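Being a predicted model, the structure only gives us computed values, none of them experimental. Naming convention: chains lettered A, B, ... in sequence-line order (proteins, then strands); numbering from 1 in each chain.
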There are 2 protein chains.
Amino acid sequence: MLYIKCIFGGVKKTMTRSEENYIKSIYHLDKVESAMVSTNAIAEEMQTKPSSVTDMVKKLSEKGMVNHKRYKGVSLTEIGRKAALSIIRKHRLWEVFLVEKLDFAWDEVHEVAEQLEHIKSDALIEKLDAHLGFPRVDPHGDPIPSKDGEFKKVIKKLLSEVEIGAEGVCVGVKDSSTPFLKFLDKNKIAINDYIKTIEKEEFDGSLYIEVNGRKVHISNQIASNLYLEIKEAE
Amino acid sequence: MLYIKCIFGGVKKTMTRSEENYIKSIYHLDKVESAMVSTNAIAEEMQTKPSSVTDMVKKLSEKGMVNHKRYKGVSLTEIGRKAALSIIRKHRLWEVFLVEKLDFAWDEVHEVAEQLEHIKSDALIEKLDAHLGFPRVDPHGDPIPSKDGEFKKVIKKLLSEVEIGAEGVCVGVKDSSTPFLKFLDKNKIAINDYIKTIEKEEFDGSLYIEVNGRKVHISNQIASNLYLEIKEAE
DNA sequence: ACATATTTTTAGATTAGTCTAAATATTTAT
DNA sequence: ATAAATATTTAGACTAATCTAAAAATATGT
Ligand SMILES: [Mn+2]
Ligand SMILES: [Mn+2]
Ligand SMILES: [Mn+2]
Ligand SMILES: [Mn+2]
């Protein structure tokens, strides 16, 4: 197994690729549910078996990356959270690189970034960050954590959940799957477009909207996967 | 273990990171000795034990990447050679990227390229190649194989082996270690500099040369690690 | 409350890659 | 040509990461 030293929040830890993938999964699950993360949920996310998860969770727990209460689930420690953010930072910076510099489409970058995020070199990621002009968000609108794990909180709401008449900049997608992103490309809806909600169809919950002034009719499923930045009314 | 399909010379093969590193080592050893490569030589190159080499060689042999005669050593098959060149291509393209785009010094890129060379994505490496303007050589002057394993043969000679009075462009280094590259930086000797040999010191074999017109005195050890492109006298 | 269903953990096996120590083959030197 | 030295392979063990099947804990429904 390949071990290379890295620094997370000032604490030197060495993690295998598998450990990193688990930590990242746990982070993502932790965010949406905010309770303890269940073994089955991790297994589902990682496309693996619950028994494998139990094994890995034990190891991560011994390393101080997660808190584990038998039969009750896991949560990230501060070190684990920092580690997760470090990997997410790398993943998103590489995604920016692939789209901005190498001309990949935004639906093609995930698999490669999934590999690149594990390259171990602090100098590399800092120089990459500079080369890209210190981007704040990735091609899908997701924020890029800073070196020490901070990130800008965007006040955003799903298009399906804003009141009719609301308007704002499209700042992200919830689903990053190829079919969805390709749909958006085809319908010329992109990050940073200005969107107004015009009317909601009672029957199917579909939405009449304006994208940069152009009228578009989208299903409720589409609307449930697009984020709008909402200006707080003062 | 992580397996991702890749294409080498039209033949789909999946190789682990470890297999790739072995194949690359065998390729490098094969080139200098051109006889069969010995188990101990591979163990030395890979910083591992002969018994581990034997195991891996068996696996590579079953996969059709090397020919193995028990107790006699190994040589690469055509598929193995193509695989090695594919990895070397990636390694050197990434080195160019690190130096040209991310501002790494030429003595800092090897370790990171050693990781990046294993990223599996044909699209990635083709787009990277284009992004870099299809470079023919890496920062150390080593040629970059084309997608299908061809590369330009440079007629080059070690500075220590050319006759006195010979002159030509410095096209590469034999040793790529940090101390040697830093020495060259310090003494302002770089790839593409024009070098003339003036005189050889009988006593220690050291060499008086001119680098872009500037007089420099270098030891025989330095001269034995610098390549000059020699113009064939017609 | 208690039986049933679900979730989680344990036990034991498997594969890749490595190691040490011992056995075997080859090379070298007398 | 034989013995000694060297090189290579085999045998057996170890760790990391996974799996299946079975056991144990927790949650759910009536
Ligand atoms: Mn990954
Ligand atoms: Mn993304
Ligand atoms: Mn490598
Ligand atoms: Mn190089």
Visitor: Below the 4.0 Å mark, does C:dT9 have OP1 or OP2 next to a side-chain nitrogen or oxygen of A:T39?
Guide: yes
Visitor: Kindly say if A:N40 contacts the phosphate of C:dT6, meaning a side-chain N or O under 4.0 Å from OP1 or OP2.
Guide: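 False: A:N40 side-chain N/O out of range (4.0 Å or more) of C:dT6 OP1/OP2.
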Visitor: Return the residues of residues 41-56 of chain A meeting this criterion: a heavy atom under 4.0 Å from some atom of DNA chain C. Order them by number, or give none.
Guide: A:P50, A:S51, A:T54
Visitor: Rounded to the Å, how far apart are A:L60 CG and D:dA16 P?
Guide: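 Taking atom P of D:dA16 as the reference, CG of A:L60 is at 12 Å.
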Visitor: Looking at B:H68, does any N or O in its side chain come under 4.0 Å of the phosphate oxygens OP1/OP2 on D:dT9?
Guide: yes
Visitor: Any side-chain N or O of A:R70 under 4.0 Å from OP1/OP2 of C:dT10?
Guide: yes
Visitor: I want to check one thing: is the phosphate of C:dT18, taken as OP1 and OP2, less than 4.0 Å away from some side-chain N or O of B:Y22?
Guide: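 Affirmative; the distance criterion is met.
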Visitor: Is any side-chain N or O of B:K58 closer than 4.0 Å to OP1 or OP2 of D:dT9?
Guide: no
Visitor: Evaluate B:E20 against B:E117 for side-chain contact (heavy atoms from CB on, under 4.5 Å), listing each step before the verdict.
Guide: CA-CA 9 Å; B:E20 290 187 347; B:E117 70 188 359; 5.6 Å; no
Visitor: side-chain contact (heavy atoms from CB on, under 4.5 Å) for A:E45 and A:L29? Distances and angles first, verdict last.
Guide: CA-CA 8 Å; A:E45 175 89 3; A:L29 292 165; 4.0 Å; yes
Visitor: Please report the distance, rounded to the nearest Å, between CD in A:E20 and C1' in D:dA16.
Guide: 15 Å
Visitor: Whole Å only: how far is the NZ atom of A:K69 from the P atom of C:dT9?
Guide: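 Atom-to-atom, A:K69 to C:dT9, this comes out as 13 Å.
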Visitor: On a heavy-atom basis, which atom in B:A43 and which in B:P50 lie closest, and how many Å separate them?
Guide: CB-N, 3.7 Å
Visitor: Out of C:dA16, D:dT8, D:dT18, which nucleotide sits closest to the side chain of B:T16?
Guide: C:dA16
Visitor: Please report the distance, rounded to the nearest Å, between OH in B:Y71 and C1' in D:dA5.
Guide: 15 Å
Visitor: In plain terms, say whether B:D122 and B:K147 are close enough for a salt bridge, that is, a side-chain N and a carboxylate O under 4.0 Å apart.
Guide: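 Between B:K147 and B:D122 there is no salt bridge, as every charged N stays at least 4.0 Å from the carboxylate O atoms.
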Visitor: Return the orientation label for the B:F97 and A:H131 ring planes: parallel under 30°, perpendicular over 60°, tilted otherwise.
Guide: perpendicular
Visitor: Tell me: CE of A:M36 to C1' of C:dT8, nearest whole Å?
Guide: 14 Å
Visitor: Could you check whether the rings of A:H91 and A:H110 sit parallel, tilted or perpendicular, using 30° and 60° as the cut-offs?
Guide: tilted
Visitor: Before you tell me yes or no, could you show the steps for A:I23 and A:E19 under side-chain contact (heavy atoms from CB on, under 4.5 Å), namely the whole-Å CA-CA distance, both residues' side-chain angles and the distance that decides it to 0.1 Å?
Guide: CA-CA 6 Å; A:I23 281 290; A:E19 286 171 346; 5.5 Å; no
Visitor: Below 4.0 angstrom from OP1 or OP2 of C:dA16, is there any side-chain N or O of B:S18?
Guide: no
